[in-house]
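First the structure, in the form of structure tokens, and then the observations on it.
Remember, it's a predicted structure, so these values are computed and weren't measured experimentally.
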Amino acid sequence: MGPFALALDTKNSFAASSSATDASGRKMDNLQMVPKKFFASINNEEEKPFDFLRILFEGVIAGGTAGVVVETALYPIDTIKTRLQATRGGGQIALKGLYSGLLGNLAGVLPASAIFVGVYEPAKQKLLKMFPENLSAVAHLTAGALGGIAASFVRVPTEVIKQRMQTRQFASAPDAVRLIVSKEGFKGLYAGYGSFLLRDLPFDAIQFCIYEQLRIGYKLAAKRELNDPENAVIGAFAGALTGAITTPLDVIKTRLMTQGSANQYKGIVDCVKTIVAEEGPPALLKGIGPRVLWIGIGGSIFFGVLERTKRYLAQNRPDNATSKKD
């Protein structure tokens with residue numbers, strides 16, 4: 001091979017090498033650009049300021065709306081469940097007055113549901129940013145428990161009054177409040193508070209965790225946002241499963257809240273021992289049928305209305321309206 005051929009070969013090799021380098025450089029740039037765009041979209045979403053007041057407001061409205069709708073729709077089933085659990089031995093339950101105490105209960109359910117979701121939503125979003133993605137369930141469990149604690153200060157007096165009226169101890173909510181306070185003191189409105197937390201904190205945490213985790217999995221599989229019927233089905237499953245698991249805790253809570261000034265039970269442990277000794281272990285599952293039915297349907301309605309209301313509020317934010325005009 002002569003010098004000229006060698007020179008040409010060298011030039012060709014250099015050119016080929018340069019073009020290969022350029023090509024590989026372009027490929028690398030392209031490879032780098034794809035994840036940059038992908039992560040940028042996530043980072044842009046995460047870099048948005050944490051608008052606590054907006055999240056709180058939307059959570060309060062959505063939670064209050066969902067709570068009132070589901071309570072009104074399913075109150076008769078809840079009444080039957082309460083009467084089944086409050087009846088000792090093989091006593092019969094009355095099927096009259098199934099809406100007894102509804103209005104007074106709604107006066108408590110509205111703020112309690114609003115407080116719960118109002119605390120849950122910002123807590124969830126803050127915790128999800130703090131925890132790694134594989135610990136999202138911990139964030140949901142913790143946010144559910146925090147929401148339950150905050151709402152319990154309204155929920156417990158509401159539940160005490162509701163269950164006393166459902167078991168026909170009082171004719172109206174004002175009478176119930178007045179007589180409970182006069183006979184048992186202010187603490188009578190918080191009868192069974194410990195058992196309420198024992199039931200509701202695990203219930204809230206487990207139910208919302210199951211619901212959120214199922215939604216995440218479904219969205220990843222479907223590669224799209226969920227529609228209202230899908231949210232409702234997931235909510236029904238989460239509610240029914242959690243309701244069945246926590247039925248013994250619900251029985252204990254009902255007995256302690258409806259015992260009044262008779263003080264048949266000295267506390268949670270004494271209540272469990274007395275029920276098992278006098279009625280047998282199956283008594284701890286009293287009302288499981290109506291409870292699972294009630295909470296399953298309730299979960300469907302609650303989460304369906306909750307997600308629909310949240311979406312409506314998000315679509316009608318002032319900043320969205322401004323951007324549409326532009």
Problem - Heavy-atom side-chain contact between I161 and V177 under 4.5 Å - result: yes
List, one per line, each side-chain donor-acceptor pair under 3.5 Å for residues 230-241, sequence neighbours excluded.
{"unit_1": "E230", "atom_1": "OE1", "unit_2": "R224", "atom_2": "NH1", "d": "3.1"}
{"unit_1": "E230", "atom_1": "OE1", "unit_2": "N227", "atom_2": "N", "d": "3.0"}
{"unit_1": "E230", "atom_1": "OE2", "unit_2": "Y218", "atom_2": "OH", "d": "2.9"}
{"unit_1": "E230", "atom_1": "OE2", "unit_2": "R224", "atom_2": "NH2", "d": "2.7"}
{"unit_1": "N231", "atom_1": "OD1", "unit_2": "R215", "atom_2": "NE", "d": "2.9"}
{"unit_1": "N231", "atom_1": "ND2", "unit_2": "N227", "atom_2": "O", "d": "3.4"}

Exercise for the section: Indicate if I288 and V251 have the same hydrophobic cluster label, given that clusters are the connected sets of ILVMFWY residues with side-chain heavy-atom separations under 4.5 angstrom. Expected result: no
Fill in the blank from the handout: Residues Q207 and T242: closest non-hydrogen pair is CA-OG1, 3.4 Å
Problem - Residues R311, E225; criterion salt bridge (Lys or Arg N to Asp or Glu O under 4.0 Å); working and verdict - result: CA-CA 11 Å; R311 188 165 63 251; E225 290 297 319; over 6 Å; no
Practice task
Please report the C-alpha distance between L56 and V119 in whole Å, then the side-chain angles of each, then the deciding distance to 0.1 Å, and finally whether the side chain to side chain contact (heavy atoms under 4.5 Å, CB included) criterion is met.
Solution key: CA-CA 7 Å; L56 176 66; V119 171; 5.6 Å; no
Problem - T274 and Y265 side chains, donor-acceptor separation under 3.5 Å - result: no
Handout entry: Contact check, side chains of K162 and D78, non-hydrogen atoms, under 4.5 Å
Key = yes
Fill in the blank from the handout: Output for pair (T65 OG1, L110 CG), nearest 0.5 Å, gives 8.0 Å
Handout entry: Donor + acceptor pair across side chains of R291, T246 (<3.5 Å)
Key = yes
Practice task
Check whether the side chains of D250 and T247 place a donor and an acceptor atom closer than 3.5 Å, and report yes or no.
Solution key: no
Problem - Nearest heavy-atom neighbours spanning S136 and Q213 - result: OG-NE2, 3.1 Å
Handout entry: Cluster check V305, I297: I/L/V/M/F/W/Y, side chain < 4.5 angstrom
Key = yes
Exercise for the section: Verify the cluster assignment for V109 and V117: are they in a single hydrophobic cluster under the rule of side-chain heavy atoms below 4.5 Å apart? Expected result: no
Problem - R155 and F116: CA distance, side-chain angles, deciding distance, side chain to side chain contact (heavy atoms under 4.5 Å, CB included) verdict - result: CA-CA 10 Å; R155 274 181 176 177; F116 178 88; 3.8 Å; yes
Practice task
For the residue pair F203 and I295, establish whether any side-chain heavy-atom pair is separated by less than 4.5 Å.
Solution key: yes
Exercise for the section: Group every Ile, Leu, Val, Met, Phe, Trp and Tyr by side-chain heavy-atom contacts under 4.5 Å, then state whether V272 and L285 land in the same group. Expected result: no
Exercise for the section: Treating Ile, Leu, Val, Met, Phe, Trp and Tyr as nodes and any side-chain heavy-atom pair under 4.5 angstrom as an edge, say whether V292 and F302 lie in one connected cluster. Expected result: no
Problem - T142 side, atom OG1; H140 side, atom NE2 - distance, nearest 0.5 Å - result: 10.0 Å
Completion exercise
What one should report as the nearest heavy-atom pair of C209 and A137 is SG-O, 3.7 Å
Problem - Check: Q259 side chain, Q264 main-chain N or O, donor-acceptor pair, under 3.5 Å - result: yes
Practice task
Determine, step by step, whether E58 and K310 satisfy the salt bridge (Lys or Arg N to Asp or Glu O under 4.0 Å) criterion, reporting the C-alpha distance in whole Å, the side-chain angles of both residues, the deciding distance to 0.1 Å, and the verdict.
Solution key: CA-CA 7 Å; E58 291 182 359; K310 282 164 60 179; over 6 Å; no
Practice task
Measure the spacing between CD of E159 and OG of S152 and express it to the nearest 0.5 Å.
Solution key: 12.0 Å
Problem - Closest contact, heavy atoms only, G194 versus I268 - result: C-CD1, 3.9 Å
Problem - Value rounded to 0.5 Å, distance of OG1 in T158 from CZ in F153 - result: 13.5 Å
Handout entry: Y99, OH: over 12 other non-hydrogen atoms inside 6.0 angstrom
Key = yes
Completion exercise
CG (L284) and CD1 (I252) are apart, to the nearest 0.5 Å, by 6.0 Å
Practice task
Could you tell me whether the side chain of I77 reaches within less than 4.5 Å of the side chain of L293, counting heavy atoms only?
Solution key: yes
Problem - Side-chain (S113) to main-chain (G64) donor-acceptor, under 3.5 angstrom - result: no
Exercise for the section: Could you check R255 against E279 for salt bridge (Lys or Arg N to Asp or Glu O under 4.0 Å), going step by step and ending with a plain yes or no? Expected result: CA-CA 13 Å; R255 292 293 181 92; E279 305 168 55; 3.0 Å; yes
Practice task
Quick one: pull up CG in L214 and NZ in K219 and give me the separation to the nearest 0.5 Å.
Solution key: 13.0 Å
Exercise for the section: Would you check, one step at a time, whether the test salt bridge (Lys or Arg N to Asp or Glu O under 4.0 Å) holds for D200 with K253? Expected result: CA-CA 10 Å; D200 271 45; K253 182 221 63 165; 5.9 Å; no
Exercise for the section: State, to 0.1 Å, how close A73 and I301 come at their nearest heavy-atom pair, and which atoms those are. Expected result: CB-CD1, 4.1 Å
Exercise for the section: Considering only Ile, Leu, Val, Met, Phe, Trp and Tyr, and joining two whenever side-chain heavy atoms are under 4.5 Å apart, list the other residues clustered with I216. Expected result: L220
Practice task
Could you give me the CA-CA distance, side-chain angles and deciding distance for I180 and F186, then say whether side chain to side chain contact (heavy atoms under 4.5 Å, CB included) is met?
Solution key: CA-CA 8 Å; I180 288 171; F186 184 75; over 6 Å; no
Problem - ring pair (Phe, Tyr, Trp, His ring centres under 6.0 Å) against Y211, all qualifying residues, sequence neighbours excluded - result: F303
Exercise for the section: Determine, step by step, whether L106 and T72 satisfy the side chain to side chain contact (heavy atoms under 4.5 Å, CB included) criterion, reporting the C-alpha distance in whole Å, the side-chain angles of both residues, the deciding distance to 0.1 Å, and the verdict. Expected result: CA-CA 8 Å; L106 289 181; T72 303; 3.7 Å; yes
Handout entry: Under 3.5 Å: donor-acceptor pair, side chain of R164, backbone of M257
Key = yes
Exercise for the section: Evaluate the side-chain proximity of D175 to R178: yes if any heavy-atom separation is below 4.5 Å, no if none is. Expected result: yes
Practice task
Look only at the side chain of Q169 and the backbone of T258, and say whether a donor-acceptor pair between them is shorter than 3.5 Å.
Solution key: yes
Exercise for the section: Determine the minimum heavy-atom distance between L249 and L198, stating which atoms define it. Expected result: CD1-O, 3.3 Å
